[in-house]
A.B. asks: 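For reference, the structure I am asking about is given below.
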Amino acid sequence: MKRTLIKHVLVSDRIGEEVKIAGWVRTRRDSKGGFSFLEINDGSSFSGLQVVVPGELDNYQSDVLRVTIGSAVAVVGELVESPGAGQAVEVHATSVFVYGYADPDEYPLQKKRIGFEKLREIAHLRPRTNTFGAVARVRNALAYATHKFYQERDFLYLHTPMITASDAEGAGEMFQVTTLDMGALPRADGEIDYTQDFFGKPTFLTVSGQLEAETYALALDRVYTFGPTFRAENSNTRRHLAEFWMIEPEMAFADLDDNSDLAEAYIRFLFQYILDNCVEDLAFFNKWVDEGLLERLESIAGSDFERISYTEAVQALQKADVGFEYPVDWGTDLQSEHERYLTEVAYGKPLIVTDYPADIKAFYMRHNDDGKTVAAMDVLVPGVGEIVGGSQREERHDVLLESIRAKGLPEEHYWWYLDLRRFGTAPHAGFGLGFGRVVQFATGMHNIRDAIPFPRTPNSAEF
Ligand code: ATP
Ligand code: MN
C-alpha cells in the first residue's frame, strides 16, 4: 500500500478509508482497556497524527508495547473522525510495523524540554524536535519564496564559484583552500611556493558571489545568486556564522533607489509568504519562542520602510538619550547596538540607511559627488539589526581603480572586474541578504546557530 504524508492525511476527506503512514513516535499512552495511543510525526507538518492501536493486534504485546519515544514505525489503519480534543482525525491501526526502536535510557529526546544550547550538541537529532522541525520548514519556505520572487521578476539564478582567488570584501577574513602538505610546505626564497598548490596560486572560500554576479548582470541584466559563503571572522555573536547562505541580486541599469525598492519588496514578500504558508509553524514560534513574532512579521510585510541617510542616522543617534557602549561620530561604522536603536526605538520600523562614508565601506561602492560618501544601503530590522548590505556599484573605470589603490588592494587581482568598466560599462546595483538572519527573524529564534541545520562557528564543526 502507498504511504501518505501525515500533512496530507490531516486535511484529507478520506474518512472511513484505509491509509498508511510512517514516522517517529512522539508519545505513547497505554489505556487500561488494553490498547495504546501513539502520536506519530513525520516532519511533513507541525502536527502529528494520533494512532489508536487495539490490543488484539498480533504484535501488540511483542512490538507495540516496546515502542518508545523516537521509534520509527509504519501504521496501516482506518482514518476516522477523532472524538478527542486537539485533533480532527485519527487512525485506528490494523497493523503496526516497527522499523527501529529507540532505547529510552539512551535516546536524548524524551518528554522533558532540552535547551537550545544543549540541542546544538545533538544537531543530528534536533530536527526531530518541534522547534527544529518548524525552523527547517520555515527555512525551506523562505528559500522557495526567494526563487519565486526573483523568477517572477525575470531574474536569472546564477551559480557563482565557491573557490576564489579574490577577496570580494577586501576584509581578509577568508578560509584558505589548499592541497599543499601543511607539514611540509614547499618554499621558494623563504616564501611558500604556491605555484605548487592546486590552482598555482593562493585560493580561498568565497565571502560573496557579488563580483562574479556583476559580470553576468552586465550581460543578462538581472541575476541573483543563492549559495553558501564563508567568513573566517572570529565573531562569536548570535548573528554570525563562519558558513552562511546569502542571496545576492544584481541589476544592470539600476541605481541606489532601484536597489532599495528591490530589497524592500523582497523582504516584504518573504514575510508575507510565510505568513500565508507556514501558519502552524509560526503560531508555534509565536507562542513558545517569541511572543510578538506574528505581529512583527505582519507589520513588516505591510509597512513601507523608512529611508534615511547615514548622516541622518548619526544625528539621530547623537540626539539619543541612551548610553551606547560605542560612541557615534560621523565617519565611524554603526555598531549592532546603534542599528537596533535606530530601527527599534528611533523609527520603530525597518530602515534603509544609505550613503555611508567611503572609508568604512567596500571598494566597489559608487562614489557620491560629495567626495566623502558612497551609494551604499543597509537594511535594518528590529530584533536583528542589519539584514541586507548593498550598493550601487562604481561603474567608472578610473574612479574604481583609484578606490582599489586607496584601499591598498592588489590591483592585479581585479583585472577582469576592471575590464567590465572598460567594455560597455553601465550603472548597476545589488545587495546581499544573509539568509540565516532572515530565518532568525522569521522564526524569532534568538541565535543564528539555531536557524541553520549544522552551524559552523569557531571551534565547532562536529557534524
Ligand atoms: P555585519 O556587520 O553584521 O557583520 P557585514 O557588513 O559584514 O555584516 P555584508 O558583508 O554586507 O555584511 O554581508 C551581507 C549580509 O550577509 C549581511 O547584511 C548579513 O545579513 C549577512 N552576514 C554577513 N556576515 C554574516 C555572518 N558571519 N553570518 C551570517 N550572516 C552574515
Ligand atoms: Mn561582518
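We count ligands from 1, going down the list as the structure has it; atoms in each ligand are counted the same way. Computation of the quantities below employed the complete heavy-atom set of this structure, encompassing side-chain atoms and omitting hydrogens, waters and symmetry-equivalent molecules. Positions are given from 1 along the sequence.
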A.B. asks: Between Val388 and ligand 1, which part of the residue brings a heavy atom under 4.0 Å of the ligand: side chain, backbone, both or neither?
C.D. replies: backbone
A.B. asks: Among Lys118, Arg239, Arg126, Arg238, which residue meets the salt bridge (charged side-chain N to carboxylate O under 4.0 Å, His left out) test with Asp450?
C.D. replies: Arg126
A.B. asks: Answer yes or no: does an N/O atom from Leu241 fall short of 3.5 Å to an N/O atom of ligand 1?
C.D. replies: yes
A.B. asks: Is it true that the NZ or CZ of Arg153 lies under 6.0 Å from the centre of Phe149's six-membered ring and within 45 degrees of the ring axis?
C.D. replies: yes
A.B. asks: Aromatic ring centroids of Phe271 and Phe441 under 6.0 Å?
C.D. replies: yes
A.B. asks: With a cut-off of 4.0 Å, which atoms of ligand 1 are near a heavy atom of Ile448?
C.D. replies: 29 (C)
A.B. asks: I want to confirm something. Looking only at heavy atoms, which of Ala362, Gly436, Gly432 is nearest to atom 15 (C) of ligand 1?
C.D. replies: Gly432
A.B. asks: If I apply the N/O under 3.5 Å rule, does Leu433 come out as touching ligand 1?
C.D. replies: no
A.B. asks: Under 4.0 Å from a heavy atom of Gly389: which atoms of ligand 1 are those, numbered in the order shown and with their elements?
C.D. replies: 11 (O), 18 (O)
A.B. asks: With a heavy-atom distance limit of 4.0 Å, tell me whether Ile387 approaches ligand 1 through its side chain, its backbone, both, or neither.
C.D. replies: backbone
A.B. asks: Please, which pairs that meet salt bridge (Lys or Arg N to Asp or Glu O under 4.0 Å) have at least one residue in residues 359-380, sequence neighbours excluded?
C.D. replies: Lys361-Asp378, Arg366-Glu395
A.B. asks: In terms of the angle between their ring planes, are Phe454 and Phe463 parallel, tilted or perpendicular, with boundaries placed at 30° and 60°?
C.D. replies: tilted
A.B. asks: Look at the aromatic rings of Phe363 and Tyr417 and report parallel, tilted or perpendicular, splitting at 30° and 60°.
C.D. replies: perpendicular
A.B. asks: Check each of Glu173, Glu233, Arg231 against atom 23 (C) of ligand 1 and report the one with the nearest heavy atom.
C.D. replies: Arg231
A.B. asks: List for me each residue that meets salt bridge (charged side-chain N to carboxylate O under 4.0 Å, His left out) alongside Asp419, sequence neighbours excluded, and say none if there are none.
C.D. replies: Arg422
A.B. asks: Taking heavy atoms and a distance under 4.0 Å, where does His240 meet ligand 1: side chain, backbone, both or neither?
C.D. replies: both
